[in-house]
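Notes to accompany the following structure.
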Number of protein chains: 4
Amino acid sequence: MAPPKLNVGCAGLGRMGKRHAMNFLDRVTYADLVAVSSPDDIELEWARQNLGPFGVSVYKSYDDMLKHEGLEAVVIASATTVHAEQAIKAIDADKHVMCEKPLSTSVEVSQKVVDAASRKKHLKVMCGFSRRFDESYQDAWLKVNSGKIGNPSIFRSQTCDVLDPSGFFVAYAEFSGGIFVDCSIHDIDLALWFLGQDSVVKSVVASGITAVEPGLLKHNDRDNAVGVVEFYGGKIAYLFCSRMMAAGQDDSTEIIGTGGKLTVNAQPMSNLVNIYEAGGIRREIPQNYYERFKEAFVQEANEFTTACLQNLELPMKLEGAVQAVKIGCALQESMVSGRKIYFDEIGSRLEMARL
Amino acid sequence: MAPPKLNVGCAGLGRMGKRHAMNFLDRVTYADLVAVSSPDDIELEWARQNLGPFGVSVYKSYDDMLKHEGLEAVVIASATTVHAEQAIKAIDADKHVMCEKPLSTSVEVSQKVVDAASRKKHLKVMCGFSRRFDESYQDAWLKVNSGKIGNPSIFRSQTCDVLDPSGFFVAYAEFSGGIFVDCSIHDIDLALWFLGQDSVVKSVVASGITAVEPGLLKHNDRDNAVGVVEFYGGKIAYLFCSRMMAAGQDDSTEIIGTGGKLTVNAQPMSNLVNIYEAGGIRREIPQNYYERFKEAFVQEANEFTTACLQNLELPMKLEGAVQAVKIGCALQESMVSGRKIYFDEIGSRLEMARL
Amino acid sequence: MAPPKLNVGCAGLGRMGKRHAMNFLDRVTYADLVAVSSPDDIELEWARQNLGPFGVSVYKSYDDMLKHEGLEAVVIASATTVHAEQAIKAIDADKHVMCEKPLSTSVEVSQKVVDAASRKKHLKVMCGFSRRFDESYQDAWLKVNSGKIGNPSIFRSQTCDVLDPSGFFVAYAEFSGGIFVDCSIHDIDLALWFLGQDSVVKSVVASGITAVEPGLLKHNDRDNAVGVVEFYGGKIAYLFCSRMMAAGQDDSTEIIGTGGKLTVNAQPMSNLVNIYEAGGIRREIPQNYYERFKEAFVQEANEFTTACLQNLELPMKLEGAVQAVKIGCALQESMVSGRKIYFDEIGSRLEMARL
Amino acid sequence: MAPPKLNVGCAGLGRMGKRHAMNFLDRVTYADLVAVSSPDDIELEWARQNLGPFGVSVYKSYDDMLKHEGLEAVVIASATTVHAEQAIKAIDADKHVMCEKPLSTSVEVSQKVVDAASRKKHLKVMCGFSRRFDESYQDAWLKVNSGKIGNPSIFRSQTCDVLDPSGFFVAYAEFSGGIFVDCSIHDIDLALWFLGQDSVVKSVVASGITAVEPGLLKHNDRDNAVGVVEFYGGKIAYLFCSRMMAAGQDDSTEIIGTGGKLTVNAQPMSNLVNIYEAGGIRREIPQNYYERFKEAFVQEANEFTTACLQNLELPMKLEGAVQAVKIGCALQESMVSGRKIYFDEIGSRLEMARL
């Protein structure tokens, strides 16, 4: 008589994979984690010890996991380079898919996932932009949607990571797609959400610097960058991304409308404690993206599960994920070339000469 | 091969009972909700519809639920008047107990629960002061415990409920034990936690008014009250409780030490959104106790479960719950009589004449 | 054709005296500082160098200064012990008086100043409670007065000084009147302002500790104390004062009404700067009373001057200053004796036995 | 024996002129306001009534005022269109000059003021960017200058005016120079201050919209705009300006360094009062630029006066004002043309073709 639960497998058991697996194990009411896969032996050993006792099957091969008896949905939390391939395989195998962002660092490859999904209308395929499931962003969106700030017109958002003095992010930059594709992709997705999912990009322009890590230049990347995205219809998003924050994760957003403004996390904080000490009053802040958004990942998993079980519309369209990658890549290109990039109203690049 | 889970029953399915039941159903990793009980037919019908499909047995009789096969622990969320009786029955039936606060509005009755528990040392019996499980209070406590503010000496805390214009709380006051036993009991428990669980009360004094609800006078209660609790050893807690807040739930705490100060929730907020509108900048705040502390209840349930399964020490001693009731009752008495009440170092009342 | 200006003399050139002198020299539009007096040679030398070039006459004797040709008003910023005597002399010499708080640490002596002033109705005699001139308190008062929070019923206020590790305040305690007369006098004055200047005290009770400076005990003083003042008519003020704040000056106030609440300085700050650094986000706060309220002293001087020149009603009645001293002394007594003190509706002490 | 005071005249008695005149009358310790001028009869009448009684001479002709006996310095607060002409006349007449921003909306005209000043090295000639004198910005600058945030690298600042529903700013836009020259000029000046006064612009790009006032298009202006300024040496300023804020004046700044970040006014507020009411907690904010910065104007007047009297270096170089106009004009041009504008290291425009 127990209600139906969704049988979920998790691909990839790195940092984010472990988190997704534990969320589906513990904190998603209507899902059962039934299988996981990873090519990495250390990750597999972790899974045997931590997930095995709960009856979760552990696979070295993703393809094998896809064949797990009764599997209905897959969470893809593997390396970005295989996101698209694994997503398409899962779709072909008739599984629902929740894929970590980005679908790919390439617009073309991202589009292939959309194409695959469009051939299987009965499946739920979602690219997980976790911020959309954050309680504060959801509250802001309801307020915007109810007209509280009039017509949302200007959007400012930033993703600022704490400085990692190990310089890990230099090596990481080789495959990340660059700071706009890796960090700002969240802000871009939010911009599309708040300004209108069908907003059409008119131009992008970006500038970046290497304030702390000149080694990024060799991967065409920067440690701080600013970008401006113009949309047709008179809306603008402007973005900042950084890898050198001293205090911690500093992700904030402003939505400015014709009748009011909303801020999200303009005053970052870990919790409701303030510390009075010599030197003043201090509050601690989250030290990384996950500390800030960990409840959003749980919410995301629950909403995805419910959509699959009850055949509800997903909270976001897969096409948006391609659009976000497209904008992120254009910003990254503009940052490197120093040139502003223009688009026509059907999304094609315009040459300066034609303007 | 699944790991052991604790089989839990929930007594009472009113407002708090439903919440506890849902938490144990969904959000406690190592617990299974196996049974519930309520004398109320509407509540039982709710349970059949919402819990039945998950295999939860529904009982009209608490005594019958106690006999449920395999039941290991009971959550008591019934009316305050039966807390103690149900707790003692559960202890006698060899069940772990997590009881909503207060154990009773009477010190003597509260003590009987402690006595029962002391005869069954292998059982975990806890009175659930949920704030102790709030992320911010826990963070504050770790900071105090690590010496960050020196010796904690002055403690200020308040429990302020949003005004309920229906006047419900007048009828409620007949059985609640009064504003200090009903509301401030949380602040008193926090005071004991932060100033030292074994702190000995030296005096209490309180004053109250009926600013919005004169009807409370007939139940010897007030709608706003202030109390001061002196402890031997040079520590003071001062408290405010109110039932007429306009903005929402306004529960905040300050812990003042010889080397610093911590505040918890000095700036209440529902989330990280700020609303810029004509008239200024506004933030919404929780509208009731549960909105403010809902994650704390989940944490409480998880910690209780783990302590039962792994035979760990509970995060708080049951004796503290009696001490909190004792202080609350004395404050309530002082508020009504207008007199300060003194205690000697072993806890007996002192008469003024003897001072 | 220049407009009339008020000729002001300043008695006392210690820390506060210098500040008042400079304010009247520079920042009071319609006043001229014409004379100063001090018994202290070092202070006199300072005056000759800093005020002399502006034409200010410098006197060693207060009585001589009172005879200064054209002198119209006196600011009394000398030691508390001579406040009353100097005020009465000035009144007798037909000068307006602005006297630093408190009039005296004795209720009887304070009353003598009121009596003297009542014989000279044409003079403006004011005891300067500077917080009343603070922009934020004035804004709060306008809001309360306009009914924004309904009927103000509960008042909480604190005066918390930064810890002075030199222990200066122990010696100072010998003559200060104690922590309630020295620090909380401001909060008491605010309570009377916000709850109603004619509020009649019903009871006071206080408790104090010596958390950092046991030496205070010999002067019957404490370094931290809490007090509760009940007024007839169902209003309560509760107060905290401390000399051991780590972060700086921490003076905040809450006014709780039947329809809303106002806070003043619940989040102390020096200015609008926030510092993001390893460890979190920090804001600096004022390090002493003057840093927090320096603009209020300027405003006070201007309002006093205008009232004198235009024969306007003063912003506060002199009787209130006596009432504040009375409450402060009673709190101090209660703190030392441990007993609650009761008053009847015409202000006489009630014995417990008669209650 | 009175110390020397600076004899100051004020040109223009419109909104800002009146404020400057009153500041120099009342709140500048070492200045005497001796004369004012205005071509406007209503303004002159105001001056006769409000300044006349203090001995201030009132002139209809600016040229006549310049000949006022003993005049040493002029404050220029007339219409922007005559700023430069009046400044040059004052310099030629050997007067110190404090001129409202901007010197002109034209770079060339602005430069003429600099040229005139450079012929009279003994004169103090300053373009008043008032924010530099704001207590919070000054505190931030001291912290940056002392190395607290490492190397300042990214600068974000915004000037956002409350929506004026009368549409006044449409007519105003005809002569204002546009939103970047009128509003963002302050942010540009701050960028130069915080990133280095000698920073050399590498590129500018801007985008704007008319969200509430399409009438601005006919003056080549917008009601909301975003701009990015790149400097040689790896520094970036990004700016937002708006004329449609609902809550009030919303001017905030972030300075992001390699070792920390400072924010100024990230949480706008009028004062330290918070209002708890149905709907949440609200704080009021300044309703216009002057409410936010009125103390800064007083500080500016005092610092200018002291520099003149004691022949001290001015707090800012006049050349910076030209640089700010240059950047503002380029941003305005980019906003209108949609094109990014590039400069070489000696300040000349680069054509795209040459890049």
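Not measured: the values here are computed from a predicted model. Below, chains carry the letters A, B, ... as their sequence lines are ordered, and counting in each starts from 1.
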Practice item. Not counting sequence neighbours, list each pair that qualifies as a salt bridge (Lys or Arg N to Asp or Glu O under 4.0 Å) and has a residue in residues 207-217 of chain D. Key: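 Every pair satisfying salt bridge (Lys or Arg N to Asp or Glu O under 4.0 Å) with a residue in residues 207-217 of chain D: there are none.
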Review point. Which value, rounded to the nearest 0.5 Å, describes the distance between Ser252(A) atom OG and Glu254(D) atom CD?
Key: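 Going from the OG atom of Ser252(A) to the CD atom of Glu254(D) covers 6.5 Å.
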Point to revise | Value rounded to 0.5 Å, distance of OG in Ser334(D) from NZ in Lys340(A) | key: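 The distance works out to 5.5 Å.
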Side-chain atoms of residues 140-150 of chain D: list all donor-acceptor pairs with protein atoms under 3.5 Å, sequence neighbours left out, distances to 0.1 Å.
from, atom 1, to, atom 2, distance (Å)
Trp141(D), NE1, Trp193(D), O, 3.4
Lys143(D), NZ, Glu284(C), OE1, 2.8
Lys143(D), NZ, Glu284(C), OE2, 3.3
Lys143(D), NZ, Asp139(D), OD1, 2.8
Lys143(D), NZ, Asp139(D), OD2, 3.1
Ser146(D), OG, Leu142(D), O, 3.3
Ser146(D), OG, Lys143(D), O, 2.9

**Study point:** chain D neighbours within residues 239-249 of chain A, where any heavy atom lies under 4.5 Å away
**Key:**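 Within residues 239-249 of chain A, the residues that come under 4.5 Å of chain D (heavy atoms only) are Phe240(A), Met244(A), Met245(A), Ala246(A).
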Check your understanding: chain D contacts: which residues in residues 155-169 of chain A have a non-hydrogen atom closer than 4.5 Å to it?
Key ->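 Residues of residues 155-169 of chain A touching chain D at under 4.5 Å: Arg156(A), Gln158(A).
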Review point. At a heavy-atom separation under 4.5 Å, does Asp250(A) approach chain D through its side chain, its backbone, both, or neither?
Key: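 Contact with chain D is through the side chain of Asp250(A) alone.
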Review point. If you count heavy-atom pairs under 4.5 Å between each of Ser153(D), Ser207(D), Ala211(D) and chain A, which one has the most?
Key: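 Counting heavy-atom pairs under 4.5 Å, the top option is Ser207(D).
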Review point. Can you tell which of Gly227(D), Ala225(D), Gly257(D), Ala206(D) has the highest number of heavy-atom pairs within less than 4.5 Å of chain A?
Key: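 The candidate making the most pairs under 4.5 Å is Gly257(D).
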**Study point:** Ile209(A) and Ile154(D): CA distance, side-chain angles, deciding distance, side-chain contact (heavy atoms from CB on, under 4.5 Å) verdict
**Key:** CA-CA 9 Å; Ile209(A) 59 174; Ile154(D) 303 281; 3.8 Å; yes
Review point. Which of these passes side-chain contact (heavy atoms from CB on, under 4.5 Å) with Val226(D): Val229(A), Ile236(A), Val226(A)?
Key: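 It is Ile236(A); the other options fail the test.
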Check your understanding: More than 12 foreign heavy atoms under 6.0 Å from NZ of Lys202(A): is that the case here?
Key ->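 Incorrect, the count does not exceed 12.
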Check your understanding: Should Val205(D) and Val228(A) count as side-chain neighbours, where that means a heavy-atom distance under 4.5 Å?
Key ->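 Val205(D) vs Val228(A): side chains apart.
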Point to revise | For chain D, the option from Thr263(A), Asn151(A), Ile256(A) that forms the most heavy-atom pairs under 4.5 Å | key: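 It is Ile256(A).
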